[in-house]
Amino acid sequence: MSEVELSEVVKRYGVMEVVHGISLTIEPGEFVVLVGPSGCGKSTTLRMVAGLEDISSGTVMIGGREVSQVAPKDRDVAMVFQNYALYPHLDVAENIAFGLRVRHEKRKVIKQAVAEAAEILGLTEYLKRKPADLSGGQRQRVAMGRAIVRRPRVFLFDEPLSNLDAKLRTHMRAEIKRLHQRMQSTSIYVTHDQVEAMTLADRIVIMNGGRIEQVGSPMEVFLEPANTFVASFIGSPPMNLLDATIEIGDAGPLARIKGADTAPLPIPDAFRDQAAAGQRVKLGIRPELMRVDADPSTPGLACQIELVEPLGAEALLHGEVGRQPIIAKVETLSGVRDFAAVRWLGVDLSGLHVFDAGSGRSLKTASA
Amino acid sequence: MSNFNLYSRGDRIFGWINAALIALVVVSTLYPFIYIFSASISSGAAVTAGRVTLLPVDVTLAAYERVLSDKMFWTAYANTFFYTIAGTITSLLIMIPGAYALSRRRLRGRMIFNLAIAFTLWFNAGMIPFFLNFRDLGLLDSRTGIVVGFAVTAFNVILLRNFFEAVPKSFEEAAKMDGANELQLLWKVFIPLSRPAIVTVALFCVVMRWNGYFWAMVLLRGEDKIPLQVYLKKIIVDLSASDEFAGSLLTSQFSFETVSAAIMVASIIPVLLIYPYAQRYFTKGILLGGVKE
């Protein structure tokens with residue numbers, strides 16, 4: 001039995017439909033991350049699971065029970081909010097205990113549960129402090145404590161790390177992961193940060209415009225994007241998508257990049273069945289799969305590098321291939337060189353992706 | 001080290017004008033207090049002769065002795081305390097849940113209720129219908145009438161409603177997820193978070209009740225029920241020409257003016273004591289730290 005199941009869930013505000021019939025199944029103990037750009041419907045979907053938003057049509061099941069019309073408090077879910085939502089007039093212990101107090105749990109039970117939660121989250125020495133006296137990370141831990149103390153069936157996280165600085169975000173990300181590994185609780189996590197999505201998720205749900213674009217493990221969505229949206233959303237920097245046309249050569253289909261003074265590149269086997277001569281496609285190349293030390297006789301792209309962004313161990317090279325923008329991510333530790341003078345980017349052909357230019361769908365996906 | 005002036009000439013002139021205006025407001029506000037206090041401890045003859053303008057003349061506590069020895073004064077004082085405390089509590093008990101309900105977006109007919117409340121800010125039925133209403137409800141000459149009949153004021157309801165509406169929605173959502181029902185939500189979340197607004201409204205109620213005069217005069221008959229302000233009016237109007245005061249003028253110990261001033265001073269003291277305590281709640285800093293804005 002799945003823990004959470006959404007079936008054809010639609011959300012409308014008046015005549016405007018913002019979530020267009022999404023279906024999703026989440027297994028017990030799974031950590032699922034909903035990721036997508038602002039306005040894609042991920043938070044709305046989470047809030048529909050929480051019961052904070054009514055659903056316009058479809059059903060939401062939690063633990064095998066339909067909860068579409070059930071009040072949030074009776075769904076056996078707990079939520080961690082982006083802005084913490086800690087009660088400022090209560091201290092840390094009272095904040096954590098709030099959910100148990102309003103449910104009239106026994107004082108002894110509450111005390112023990114709060115102590116356990118505080119221990120797990122490293123909050124024991126802060127129990128008597130008010131939220132205003134805590135740092136951002138501590139506040140977010142209190143918010144998590146408030147959720148875990150109830151031992152709910154499902155945890156919901158609504159962009160819980162968005163208000164933290166980069167260093168603290170990294171730290172808290174690891175804490176959430178540790179917490180999940182320890183508690184093995186079913187979790188749905190919303191973020192627009194793909195790094196959070198990749199590092200935390202068992203499965204990632206990529207949303208766009210109120211629809212699910214792809215569901216898969218982090219490596220699946222990274223290595224086998226279903227369409228150009230996923231390809232350009234997952235990965236930092238995103239996958240290069242170059243306009244190209246399919247030509248049929250002696251050894252099979254080739255992709256000729258528009259405007260490039262480069263020999264057409266052979267496309268991987270997995271995409272060949274769907275590729276037709278003359279078909280306009282987007283050729284996807286991950287920035288990490290390009291090399292600056294490649295010989296021009298090997299498969300690659302003739303390029304002009306316009307800008308170099310050193311990142312320490314790596315550098316981003318911004319340039320053009322046949323007037324189309326391209327980004328390459330290259331290592332710097334193997335030897336410092338004048339990246340601006342690079343004219344040839346070697347390409348690992350096994351990592352190429354081919355998408356239909358019209359629909360944006362992967363030719364590989366279409367064949368599956 | 002550079003030596004430039006942070007303020008332009010225009011800024012300085014503006015500052016001086018501001019200071020002058022504030023000084024004018026302070027003096028015009030403080031003067032009546034000082035005058036009343038001086039009059040209350042001056043001799044009746046000096047006040048009647050117009051010799052007291054700022055500082056006391058021929059200092060005496062005769063007016064206070066006269067006031068404090070009057071049983072009627074203590075009855076009126078006790079009545080005022082009762083109307084203030086019971087009235088304020090009643091007001092808050094009715095207005096807080098009312099304002100909370102009006103602040104909820106899902107309240108059916110919310111707009112109509114809000115319009116109806118706001119309407120009474122500018123228009124009311126008038127004195128005679130109001131009086132007849134009290135009479136027909138059997139609330140004439142009744143302490144209950146004074147306490148309950150004036151429990152709700154549109155301004156205070158709107159003030160509370162606006163504050164409840166401004167409480168970040170995530171507090172409400174978090175409490176709902178935690179399992180709080182509406183009553184728990186109001187009691188454990190909204191009221192503590194809205195303490196500055198509630199204290200402000202309570203202070204408005206206290207001041208209104210403490211200074212309550214007109215309707216107490218119109219609706220109350222028995223002297224055992226009248227508040228301090230009505231008692232003061234009786235002193236000023238009813239007793240000004242009485243033999244007692246006529247006689248006292250001869251001795252120059254106190255006059256009805258000094259007695260009135262002494263009552264006024266006595267009536268101001270509790271409000272002066274409460275105000276500094278309540279004032280610290282006028283900031284809404286309590287929300288700080290709960291949510292990340």
Side-chain angles (χ1 to χ4, degrees), chain A residues 47 49-54 71-92 94-105 129-140 142-143 146-147 149-150 152 154-156 158-164, chain B residues 92 96-97 100-101 103-108 110-111 160 163-202 277-278 280-293:
Chain A
R47 291 168 60 81
V49 175
L52 296 173
E53 297 278 356
D54 295 332
K73 68 186 175 74
D74 298 322
R75 293 190 179 202
D76 201 8
V77 297
M79 189 156 167
V80 178
F81 292 83
Q82 179 181 356
N83 59 5
Y84 322 132
L86 301 180
Y87 311 116
H89 56 289
L90 303 179
D91 63 27
V92 170
E94 290 166 333
N95 262 287
I96 293 174
F98 187 88
L100 300 176
R101 284 240 166 89
V102 296
R103 287 163 198 267
H104 306 295
E105 289 285 355
R129 287 200 195 172
K130 291 278 173 66
D133 301 325
L134 301 175
S135 69
Q138 288 164 341
R139 286 181 205 176
Q140 198 53 274
V142 178
R146 203 168 60 184
V149 79
R150 281 176 37 215
V154 182
F155 284 95
L156 308 174
D158 189 5
E159 305 204 33
L161 307 183
S162 298
N163 286 335
L164 305 179
Chain B
L92 293 177
I96 289 173
Y100 175 72
S103 73
R104 305 293 83 196
R105 289 194 182 280
R106 63 182 179 280
L107 175 71
R108 283 190 187 167
R110 176 175 180 252
M111 189 180 281
L160 282 172
F163 206 90
F164 288 148
E165 283 177 352
V167 170
K169 201 164 178 243
S170 52
F171 286 128
E172 180 184 348
E173 292 180 341
K176 279 186 176 171
M177 296 296 299
D178 280 340
N181 58 34
E182 287 292 342
L183 199 61
Q184 289 170 322
L185 197 58
L186 174 62
W187 185 249
K188 290 178 184 288
V189 179
F190 275 80
I191 289 178
L193 290 179
S194 306
R195 207 187 310 177
I198 290 169
V199 173
T200 303
V201 165
Y277 170 76
R280 70 193 176 100
Y281 285 103
F282 284 4
T283 56
K284 61 173 195 172
I286 193 167
L287 289 179
L288 190 72
V291 294
K292 178 86 174 183
E293 301 292 349

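All values below come from the heavy atoms of this structure, side chains included, with hydrogens, waters and symmetry mates left out. Every value quoted in this text rests on a predicted model; they were computed, and no experiment measured them. Below, chain A is the first sequence line, B the second, and so on; all start at residue 1.
At least one side-chain heavy atom of Leu52(A) sits under 4.5 Å from a side-chain heavy atom of Met177(B).
The shortest heavy-atom contact between Ala85(A) and Ser170(B) is CB-O, 3.6 Å. In terms of heavy-atom proximity, Val102(A) sits nearest to Gln184(B) at O-NE2, 3.0 Å. In terms of heavy-atom proximity, Gly179(B) sits nearest to Lys73(A) at CA-CB, 3.3 Å. Scanning all heavy atoms of the two residues, the minimum distance from Phe171(B) to Leu86(A) falls at CE2-O, 2.8 Å.
Taken from NZ in Lys169(B) to CZ in Phe81(A), the straight-line distance is 9.5 Å, to the nearest 0.5 Å. The line from CD of Glu173(B) to CZ of Arg47(A) is 4.0 Å long, rounded to the nearest 0.5 Å.
A salt bridge is absent between Asp178(B) and Arg101(A): the closest approach of a Lys/Arg side-chain nitrogen to an acidic carboxylate oxygen does not fall below 4.0 angstrom.
Looking at Val77(A), the atoms closer than 4.5 Å to chain B (heavy atoms on both sides) sit in the backbone and in the side chain alike.
A donor-acceptor distance shorter than 3.5 angstrom exists from the side chain of Tyr87(A) to the backbone of Ala175(B), with no hydrogens or angles considered.
More than 12 heavy atoms of other residues, nucleotides or ligands lie within 6.0 Å of CG in Asn181(B), so this atom counts as buried by the packing criterion.
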